[in-house]
Amino acid sequence: MLDRTYLRENTDEVRDALENRGADVDLDEFLELDERWRELKARGDDLRHERNQITKKIGKLVADGKEEEREEAIKRSRELKAEIEEVEEEGVELEDELRERILEIPQVPDESVPLGLDERHNVEDRRWGFDDLRELPDEITPHYDLGEDLDIIDEERAAKTTGSGFYFLKGEGAQLEHALIQFMMDIHREQGYVDVFPPVPVKSTSMRGTGQLPKFADDAYRLGGSNEEEYDDEDLWLCPTAEVPVTNMYANEILLDDDLPLKHQAYTPNFRREAGEHGTETRGIVRVHQFNKVELVNFVEPEDSYDRLEELLGEAEEVLKRLGLPYRILELCTGDLTFASAKTYDIEVWAPGDDMDDGPEQGGRWLEVSSASNFEDFQARRAGLRYRPERHESADYLHTLNASGLAIPRVMVAILEYYQNEDGTVTIPEPLQPYMGGKEVIEGHEKVGESALGAGERE
RNA sequence: GCCAGGAUGGCCGAACGGUAAGGCGCACGCCUGGAAAGCGUGUUCCCUUUGGGAUUCUGGGUUCAAAUCCCAGUCCUGGCGCCA
């Protein structure tokens, strides 16, 4: 959320920012409402002032026993009460309207963010790991086929128990999932992160604090009600990213100067509806309704946030470096920034299994595994996250940042495809082996049930 | 889920229906050779800032006037119940 005074005083800058984002917000109408509200506010304040004077006088008149003057004053006070009600009623309406509307105005991008309409204008900063690639099979089996062959990913049965867009991991697949989580969290612990294991359902107020609501209700899973219905502050949603519970855990608090920078990591399941996304690009476990992710959330002093963003990016990258997975870093352009972000870097891992048009020369495709964003005080203002700067009287909004560290399924896709061997097994990256009980290669499992028999996959 | 008690500033904590004490912390100033102590001022938000308004968990109600009385809700604490 932007500051209202800021909107009044920097109208042109905000207008440009909205334009660059391609945001559909009527700023002029907002400012007109604001102007009207300020008029009413001034009138109401004057009337209340008069009434307060009279009320105070009544107290004295009662004490002095001046019956007649008292009656007169009470009469005037009643009149004022009616007037005030009239003026303030409209004032409150406008105030509510303004409060709602300002929630839909997106963050102003940092000046360093490249201009552009959409993902085509994102800027590639650098690549890592392509100079020294491992030897790959001639034909790389995409993870969804391989996962089925090895019987470590089972989408069909998950469709039966839950629905499409969900999957079972089995045996070595499930083991790999747990291993990745522990591996990542160990790395981030080294980097100074304090673990948090948050509650998975979150209230509407939390979703609003980080910017998922009100605009993106359709992307989330709501508990106990349809997404089309009105929701209120206490209604619950399934965590779409640990950013939501973790950022909001200090909502309406004032942190101590000494607490900052505060770095939390949280492993949670994430739930996303992402309605209507089907096709070759989303086959397998690249885009699913439930996935696990280790999230990094930072709370910092405003002057440190851009330095921290660079460091945060490095902390997330470290996971891919240690796994030896090639990747690239993108700087998102203004049109591709998410609602609350002032600046974002994407980390995209290389998954060589499926050739896509926008993939690298070596074939395969890019998979986004993390977005490192600086939200400046946008979320802090919505969620009421403050700190007290040294030598300063009043509390100030702090800055929040976050990055995935990382999204597990897509890393798993990269491992299954990049570490695939000619014989259809998968080599486990060395640093991960201790987390897999010393196992070095994923060899798969014998399939279960008559369906396997019928398909000739069992005798 | 039931019963009882509670929610006041950054923190602690007072307040017969008459317009929010006091303390702590912090900032600034005075005092001092310097510091401590002491003294003074400030320390929520909003507006058109020598001024004014709002604000005692939230929302309603009674009243000329509500932290205070009434109703509803949220959360916390304790007890009981249920329970992996």
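Just so you know, these numbers come straight off a predicted model, no measurement behind them. Here is how names work: the chains are called A, B, and so on, in the same order as the sequence lines, proteins then strands, and each is numbered from 1.
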Only counting residues at least two apart or in another chain, list the ones meeting salt bridge (Lys or Arg N to Asp or Glu O under 4.0 Å) with [X].
{"X": "A/Glu95", "result": "A/Arg4"}
{"X": "A/Arg222", "result": "A/Asp235"}
{"X": "A/Arg43", "result": "none"}
{"X": "A/Glu88", "result": "A/Arg48"}

Give me the distances for all protein-to-nucleotides 6-12 of chain B N/O pairs that come in under 3.5 Å?
unit_1	atom_1	unit_2	atom_2	d
B/G10	O4'	A/Arg388	NH2	2.7

* **Gap separating the CD atom of A/Glu317 from the CG atom of A/Leu325, nearest 0.5 angstrom** => 13.0 Å
* Are any of the side-chain heavy atoms of A/Arg382 and A/Phe378 separated by less than 4.5 Å? -> yes
* **Contacts of A/Tyr435 that satisfy ring pair (Phe, Tyr, Trp, His ring centres under 6.0 Å) - sequence neighbours left out** => A/Phe183
How many whole angstroms separate atom [atom1] of [X] from atom [atom2] of [N]?
{"X": "A/Lys57", "N": "B/U19", "atom1": "NZ", "atom2": "C1'", "result": "17 Å"}
{"X": "A/Leu40", "N": "B/G53", "atom1": "CG", "atom2": "P", "result": "18 Å"}
{"X": "A/Glu88", "N": "B/G52", "atom1": "CD", "atom2": "C1'", "result": "13 Å"}
{"X": "A/Asn252", "N": "B/U58", "atom1": "CG", "atom2": "P", "result": "12 Å"}
{"X": "A/Arg4", "N": "B/U48", "atom1": "CZ", "atom2": "P", "result": "10 Å"}
{"X": "A/Lys41", "N": "B/G51", "atom1": "NZ", "atom2": "C1'", "result": "13 Å"}
{"X": "A/Leu98", "N": "B/C45", "atom1": "CG", "atom2": "C1'", "result": "16 Å"}
{"X": "A/Leu47", "N": "B/U48", "atom1": "CG", "atom2": "P", "result": "17 Å"}

Is the closest side-chain donor-acceptor distance between [X] and [Y] under 3.5 Å?
{"X": "A/Tyr345", "Y": "A/Glu310", "result": "yes"}
{"X": "A/Gln265", "Y": "A/Gln191", "result": "no"}
{"X": "A/Gln379", "Y": "A/Tyr397", "result": "no"}

Anything under 3.5 Å between a protein N or O and an N or O of nucleotides 65-74 of chain B, put it in a table, one pair a line.
unit_1	atom_1	unit_2	atom_2	d
B/A65	OP1	A/Lys81	NZ	3.4

* Mapping A/Lys56 and A/Gln53 onto RNA chain B by nearest heavy atom, which one lands closer to the 5' end? -> A/Lys56
* For A/Arg8, which contact category applies under a 4.0 Å heavy-atom criterion: base, sugar-phosphate, or nothing? -> sugar-phosphate
* Which is true for A/Asp46 with a 4.0 Å heavy-atom rule: it touches a base, it touches only sugar-phosphate, or it touches nothing? -> nothing
* Kindly state which residues belonging to residues 30-38 of chain A come within less than 4.0 angstrom of RNA chain B, counting heavy atoms of the residue only, listed by number. => A/Trp37, A/Arg38
* Please, which pairs that meet ring-ring contact (aromatic ring centres under 6.0 Å, His included) have at least one residue in residues 236-260 of chain A, sequence neighbours excluded? -> A/Tyr231-A/Trp237, A/Tyr250-A/His264, A/Tyr250-A/Phe299
* Structure fact -> Per side chain to side chain donor-acceptor pair (under 3.5 Å), A/Tyr306 is matched among A/Lys343, A/His399, A/Glu376 by A/Glu376
* With A/Lys57 via side-chain contact (heavy atoms from CB on, under 4.5 Å) - residues at least two apart -> A/Leu61
* N or O in side chain of A/Asn52 less than 4.0 angstrom from B/G53 OP1/OP2 -> yes
* When Watson-Crick pairs (N1 to N3 and N6-O4 or O6-N4) and G-U wobble pairs (N1-O2 and O6-N3) count only below 3.5 Å on both distances, what is the dot-bracket string of RNA chain B, with | for other-strand pairs? -> (((((((..(((.....[...)))((((((.......))))))((((...))))..(((((..]....))))))))))))....
* Summary of salt bridge (Lys or Arg N to Asp or Glu O under 4.0 Å) pairs that have at least one residue in residues 189-209 of chain A, sequence neighbours excluded -> A/Asp186-A/Arg189, A/Arg189-A/Asp195, A/Glu190-A/Arg322, A/Lys203-A/Glu234, A/Arg208-A/Asp233
